[in-house]
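Numbers here simply count residues along the sequence, with the first being 1.
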Amino acid sequence: MSIQIVNVTKKFGNLEAVKDVTLEVKTGEFFTLLGPSGCGKTTLLRSIAGFNQPEKGEIYFNKKRVDKIATHKRGIGMVFQNYAVFPHLNVFNNVAYGLKARNFSADEIRPKVSRALQMVRLAGMEDRFPNQLSGGQLQRVAIARALVIEPQVLLMDEPLSNLDAKLRVEMRSEIRELQQSMKITTLYVTHDQEEALSISDRIAVMNHGVVEQMGEPWEIYNTPVNRFVAGFIGTTNFFEGTLISEQGGQGIVQVSEIKMKVSAHSPCVGEKVSFAIRPEAFKVAQEITEAERSCFLSLPGRVNKVEYLGFMTKYDLELCRGLSVKVVSYDVLPQHLRKTGETIELCYDPQRVLIC
Ligand SMILES: Nc1ncnc2c1ncn2[C@@H]1O[C@H](COP(=O)(O)OP(=O)(O)OP(=O)(O)O)[C@@H](O)[C@H]1O
Ligand SMILES: [Mg+2]
């Protein structure tokens, strides 16, 4: 089942919580709405579910218009942030709830519940009550409850936000596996960019009610369309300067006291340029090969801070007064490890400069 959202606007008084959003979730796709708190993710999800009525726009499931039909007729499974499991019902009855509401007989309900519990690996826990379950198990009850009605569309609103970091990482891959095995069209909401990158087929980055960019995780990360997306996804070093010369698609930008080379730019000489370079796009000179050296540009930098984390090392470097950058290096050999106060040569590939 595909979901089409066409020019949807949802207001609360004067506030446009969702502004003219158009997007399509393809059949079987795992699509994520990602954005900061208050950007309109839940509001959009609730419009799709039928919990609110947009002022403008249309919503289609498989090309059939659904925005005027009742929630329970839309064939949606939902998982919300606060689990929403009933504390007075055991696991079996929690999962059976939606089936009972749909008037399935006890004989039909039993095998469906068993199957759903097996899918979320909770078989054998039928008689437990919510207060006898861990956070991850509760979350899985909520997922089983959404899946048991065999929905064509699964809507999940920050389903992992109540869990600790380790469990969140485990559960997100379980959700992804389950979604893939069932090929269920899923619209997922999170404000966690790493979660979104790891789990999604495509992502829509939202800000103040609008979709800033839509694309596959690698597109969003590597080719952010603007400063908001570049800053929201991953860690980014931003630079601002003036283009002082340009030749063959390569420009030299005066940034504070230093000159930096960038490629793929549109402004004319004399104009302001803002660009970004990811911490991992910088390399410390000792760590790069001779071949890389020939196409990289180098800048001197002073090490202000070193954070050695084993598999990676984080540096804060000062390129000139008032201009600091964050750099990460992976798998740094002990002899290459730099110390606070040292001056080093920092290299980057101008192809990896993001103009934004
Ligand atoms: N029922 C409501 N009445 C009035 N304003 C609302 C209502 N629901 C949401 N809003 C406002 O609409 C905007 C979008 O809220 P929404 O809950 O969709 O954000 P969100 O992206 O889900 O944020 P979070 O990540 O914090 O859950 C916010 O400014 C919020 O205060
Ligand atoms: Mg929300």
Check whether [X] reaches the backbone of [Y] with its side chain - one donor and one acceptor, N or O, closer than 3.5 Å.
X: R168; Y: L163; answer: yes
X: T22; Y: N7; answer: yes
X: D349; Y: F296; answer: no
X: R74; Y: I69; answer: yes
X: T9; Y: D20; answer: yes
X: D67; Y: I59; answer: yes
X: S274; Y: C356; answer: yes
X: Q179; Y: G28; answer: yes

When rounded to the nearest 0.5 angstrom, what is the spacing between [atom1] in [X] and [atom2] in [Y]?
X: I233; Y: E212; atom1: CD1; atom2: CD; value: 10.5 Å
X: H191; Y: C39; atom1: NE2; atom2: SG; value: 10.5 Å
X: S134; Y: Q139; atom1: OG; atom2: CD; value: 10.0 Å
X: M125; Y: R140; atom1: CE; atom2: CZ; value: 7.5 Å
X: L317; Y: K305; atom1: CG; atom2: NZ; value: 11.5 Å
X: R227; Y: F238; atom1: CZ; atom2: CZ; value: 4.5 Å

Does [X] have more than 12 heavy atoms from other residues, nucleotides or ligands lying within 6.0 Å of its [atom1]?
X: E194; atom1: CD; value: no
X: F228; atom1: CZ; value: yes
X: K19; atom1: NZ; value: yes
X: R121; atom1: CZ; value: no
X: R176; atom1: CZ; value: yes
X: K56; atom1: NZ; value: no
X: K339; atom1: NZ; value: no
X: Q335; atom1: CD; value: yes

Quiz item: Which of parallel (below 30°), tilted (30 to 60°) and perpendicular (above 60°) describes F282 and Y348?
Solution: perpendicular
Which atom of [X] lies closest to which atom of [Y], heavy atoms considered:
X: A196; Y: S200; value: O-OG, 2.6 Å
X: E58; Y: V8; value: O-CG2, 3.7 Å
X: M78; Y: T71; value: CE-CG2, 4.2 Å
X: Q213; Y: V225; value: OE1-N, 2.9 Å
X: V120; Y: A144; value: CG2-CB, 3.8 Å
X: V284; Y: S329; value: CG2-OG, 4.1 Å

Common cluster, [X]/[Y], ILVMFWY with side-chain heavy-atom separation under 4.5 Å:
X: V79; Y: V91; result: yes
X: V85; Y: L154; result: yes
X: L122; Y: F129; result: no
X: I252; Y: L346; result: no
X: L33; Y: L197; result: no

Quiz prompt | Test side-chain contact (heavy atoms from CB on, under 4.5 Å) applied to F239 and L319, step by step | solution = CA-CA 12 Å; F239 301 91; L319 300 181; 4.2 Å; yes
Exercise. For the pair E342 and R302, find out whether any cationic side-chain nitrogen is under 4.0 Å from an anionic carboxylate oxygen.
Key: no
Quiz item: Does D316 come within less than 4.0 Å of K314, counting only side-chain N to carboxylate O?
Solution: no
Self-check item: Partner of R202 under salt bridge (Lys or Arg N to Asp or Glu O under 4.0 Å), chosen from E24, E216, E219, E29
Solution: E29
Self-check item: Worked check of side-chain contact (heavy atoms from CB on, under 4.5 Å) between F31 and M214
Solution: CA-CA 10 Å; F31 193 100; M214 229 182 298; 3.8 Å; yes
Self-check item: Verdict with supporting geometry, R278 and L354, side-chain contact (heavy atoms from CB on, under 4.5 Å)
Solution: CA-CA 9 Å; R278 299 277 190 202; L354 310 168; 4.2 Å; yes
Exercise. Give the C-alpha distance, both sets of side-chain angles, the deciding distance and a yes or no for side-chain hydrogen bond (donor to acceptor under 3.5 Å, both in side chains) between E195 and Y188.
Key: CA-CA 10 Å; E195 193 170 293; Y188 189 91; 2.7 Å; yes
Quiz item: Is there a side-chain contact (heavy atoms from CB on, under 4.5 Å) between V255 and F275 once you walk through the steps?
Solution: CA-CA 10 Å; V255 181; F275 59 99; 3.9 Å; yes
Practice problem: Using the test ring pair (Phe, Tyr, Trp, His ring centres under 6.0 Å), find all partners of F61 that sit at least two apart in sequence or belong to another chain. | Solution: none
